[in-house]
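Take a look at the structure below.
Chain naming here is simple, since letters A, B, ... match the order of the sequence lines and numbering starts at 1 in each. From a predicted model like this one, the values you see are computed outputs, not experimental measurements.
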Amino acid sequence: MRIRLLTRRRRVGASYLAVGTFLTLILLATAGTVNAQQQMSKRYPGGKNVRVELRNISGTIVVESWNKNEIRLTATLESKKAQVVPKQIDDCLMVDVMSDNRGRGDVGDINFKLQVPANSSVDVETRRGNISVSNIRSGLVRAHVSSEGDIELTNISATQVVAQNVIGNIYFDGEFSSGGTYEFKSTKGDITIRIPGNSAFRLVAASQMRQIKLNDFWNNGFKTQDGRKYVGDVGDGRSSVSVTNFSGQITFLRK
Amino acid sequence: MNCEQCQELIHDLVDGSLSHLDELTLNTHLKQCLDCDSVRQDLTSILSFCQTHRGEYEAPPNEQALWLRIRNVIEAETGSHAQTAAREPSFLGRLMGRTWELSLPQLASLAAAIVLLVSLTTVVGLRRWDGDGSVPNVVPQAQASNINDRIWQRRQVINYWNQRVELNKTRWSPEMRETFDRNLKVIDEAVANSLNELNQNPHDEVSEQMLNESLNDKLALLKEFSDL
């Protein structure tokens with residue numbers, strides 16, 4: 001009887017020890033992960049014609065405007081060996097992750113957040129990862145994903161907009177300026193364009209899978225080639241819009 | 001003084017440029033040698049004639065008639081050559097012997113005519129060969145090979161970049177490799193679809209545009225990932 005009691009106590013003790021060890025390991029692992037990530041944040045003075053150029057390898061890019069005449073760059077680096085060295089020349093801020101990390105091997109994801117004046121030109125690209133740009137009114141907004149990643153451009157008014165990826169959706173919500181050029185291209189993904197009803201543009205839209213929905217922007221002046229390509233003017237056609245995808249839907253929405 | 005030395009000095013004697021001693025020696029020889037003295041007399045006569053008639057040239061009696069005679073002689077010689085050529089009986093010989101002077105547009109037209117003639121002959125020959133007058137699969141196959149020819153060069157460039165990517169791929173993370181392969185596969189599917197459409201309808205503008213764009217995308221993907 002005595003022997004049996006002792007054995008039960010030992011079993012309970014061993015269970016507590018196992019659970020404790022397990023929890024400790026989890027805590028250590030989590031702490032290790034947190035410590036491995038680095039974060040950097042820097043501010044740069046903004047001029048009259050601010051331009052931001054960012055070349056990332058892997059990771060998300062978020063660009064948004066704020067009411068300050070300066071640029072704030074925040075980066076979260078997954079790997080300790082990764083390096084980010086922004087360069088500012090006049091009004092242009094350049095970040096080239098590829099150059100900064102040449103010869104360092106795989107540097108993991110680097111996620112960027114840029115806060116810029118609303119009139120900044122934005123030119124960002126990444127090999128892999130999502131891109132989001134919002135509230136920009138300037139000459140250029142270019143978002144390029146070399147492989148897969150969604151592109152979301154919200155409240156954009158720029159004379160030149162380029163959005164391109166291979167796999168992933170593209171969403172544009174903004175205005176087409178008179179005389180501007182707008183290019184949206186995805187190999188496999190939906191492209192949605194939300195613009196004011198009074199927008200005026202010349203459209204060339206092509207989709208191999210015949211999934212083009214012009215909705216309120218359709219008129220009888222459009223020429224189509226068996227539903228795979230539409231060419232025509234909306235309004236006076238003063239801006240030029242090109243939309244292409246291979247599989248996925250092209251949709252125009254009125255806001 | 002011998003005769004050879006004397007005749008060398010005669011010109012100077014006539015010109016009056018000899019020294020007194022040489023002139024004395026030469027005159028002594030001339031008095032003894034009739035041949036040398038004859039040479040001196042001839043030379044003196046020629047010189048005297050030239051000095052007397054300096055600036056006077058006698059024109060031919062009828063200059064125009066002279067030139068007509070020369071031209072007649074030349075034309076007579078050319079005519080005899082032509083008669084000789086006319087006697088050649090072979091048409092091929094004449095054709096080969098003829099000098100062809102063609103301008104560049106004439107040459108191009110001639111080449112085009114030859115190509116057209118050869119093409120027509122080939123088509124007609126193939127129709128007859130088939131018996132029923134139809135030429136099944138010949139034109140689509142030619143068009144398909146034409147499409148392949150057009151993209152052949154781009155495929156070479158793509159192969160080059162593909163090799164570079166393969167060399168660097170080992171350094172990438174497994175996630176990056178999967179991403180790349182997945183995206184390349186999607187683009188390859190787009191290329192294959194466009195090519196398939198073009199093989200069925202070689203003049204399909206949309207498929208051609210899609211093919212071009214997907215090949216451009218593939219090249220861009222390879223280039224951008226070759227840097228990693």
Side-chain angles (χ1 to χ4, degrees), chain A residues 55-59 78-79 81-82 96-99 101-109 125-129 144-149 162 164-168 183-189 204-210 212 223-231 242-248, chain B residues 147 151 158 161-162 164-228:
Chain A
R55 311 268 176 267
N56 196 8
I57 297 174
S58 179
E78 193 182 66
S79 167
K81 60 182 178 181
D96 191 341
V97 177
M98 186 72 74
S99 298
N101 295 279
R102 204 170 290 281
R104 289 171 190 270
D106 179 33
V107 291
D109 282 4
E125 65 177 58
T126 182
R127 298 286 185 272
R128 186 179 66 153
H144 177 86
V145 182
S146 306
S147 60
E148 59 191 49
V162 180
Q164 188 178 3
N165 62 12
V166 177
I167 300 175
E183 189 181 345
F184 307 95
K185 191 176 170 190
S186 174
T187 306
K188 188 178 182 181
V204 178
S207 172
Q208 190 80 344
M209 299 299 159
R210 297 179 177 84
I212 301 173
K223 290 176 184 171
T224 179
Q225 290 180 345
D226 60 20
R228 290 179 302 158
K229 188 173 182 178
Y230 285 84
V231 180
S242 167
V243 192
T244 311
N245 72 0
F246 294 88
S247 62
Chain B
I147 293 162
I151 63 170
I158 285 169
W161 286 103
N162 208 9
R164 284 191 62 167
V165 166
E166 290 300 324
L167 281 174
N168 297 338
K169 221 172 177 180
T170 48
R171 295 203 301 260
W172 303 351
S173 65
E175 294 82 16
M176 193 61 93
R177 274 199 292 272
E178 282 171 22
T179 303
F180 174 79
D181 290 339
R182 197 164 41 241
N183 282 267
L184 194 64
K185 191 180 167 192
V186 165
I187 295 176
D188 280 339
E189 281 171 4
V191 171
N193 281 339
S194 305
L195 267 176
N196 193 33
E197 293 276 341
L198 273 175
N199 283 332
Q200 288 171 10
N201 183 5
H203 301 292
D204 184 21
E205 190 190 315
V206 180
S207 298
E208 187 150 3
Q209 182 195 341
M210 292 295 179
L211 177 65
N212 283 331
E213 295 205 9
S214 51
L215 285 171
N216 287 341
D217 290 346
K218 185 171 180 176
L219 194 57
L221 182 78
L222 289 166
K223 277 184 179 177
E224 286 170 22
F225 274 77
S226 69
D227 282 347
L228 292 176

### Task
Quick one: do V186(B) and F246(A) satisfy side-chain contact (heavy atoms from CB on, under 4.5 Å)? Show the steps, please.
CA-CA 10 Å; V186(B) 165; F246(A) 294 88; over 6 Å; no
### Message
Quick one, R171(B) with D106(A), criterion side-chain contact (heavy atoms from CB on, under 4.5 Å). Give me CA distance, side-chain angles, the key distance, then yes/no.
### Response
CA-CA 7 Å; R171(B) 295 203 301 260; D106(A) 179 33; over 6 Å; no
### Task
Would you check, one step at a time, whether the test side-chain contact (heavy atoms from CB on, under 4.5 Å) holds for S207(B) with Q208(A)?
CA-CA 7 Å; S207(B) 298; Q208(A) 190 80 344; 3.8 Å; yes
### Task
List the steps, then state whether side-chain contact (heavy atoms from CB on, under 4.5 Å) holds for R128(A) with E175(B).
CA-CA 10 Å; R128(A) 186 179 66 153; E175(B) 294 82 16; 3.3 Å; yes
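Residues M209(A) and N193(B) form a side-chain contact, since some pair of their non-hydrogen atoms from C-beta on lies under 4.5 Å apart. Contact annotation: the side chain of E205(B) approaches that of K229(A) to within less than 4.5 Å [non-hydrogen atoms, C-beta and beyond]. Between T187(A) and S214(B) there is no side-chain heavy-atom pair separated by less than 4.5 Å.
Chain A forms the most heavy-atom pairs under 4.5 Å with one residue out of D204(B), V206(B), L184(B), and that residue is V206(B). The candidate with the highest count of non-hydrogen atom pairs below 4.5 Å against chain B, out of N101(A), I57(A), I167(A), is I167(A).
When the shell of 6.0 Å around NZ of K188(A) is examined, it contains 12 or fewer heavy atoms from other residues, nucleotides or ligands. Within a 6.0 Å sphere centred on NZ of K81(A), other residues, nucleotides and ligands contribute more than 12 heavy atoms.
At least one donor-acceptor pair closer than 3.5 Å links the side chain of R127(A) to the backbone N or O of E224(B).
Interface remark: D217(B) contributes side-chain atoms only to the contact with chain A (heavy atom separation under 4.5 Å). In this structure, chain B has no heavy atom under 4.5 Å from any part of E125(A). For Q209(B), the part lying under 4.5 angstrom from a heavy atom of chain A is the side chain only. In this structure, the portion of E197(B) lying under 4.5 Å from any heavy atom of chain A is its side chain and not its backbone. Only the side chain of T244(A) comes within contact range of chain B, with heavy atoms under 4.5 Å apart. The part of N245(A) that comes within reach of chain B is its backbone (N, CA, C, O), which places non-hydrogen atoms under 4.5 angstrom from that chain.
Scanning all heavy atoms of the two residues, the minimum distance from L221(B) to S146(A) falls at CD1-O, 3.2 Å. Minimum interatomic distance between L228(B) and M98(A) (heavy atoms only, all atoms of both residues): CD2-CE, 3.5 Å.
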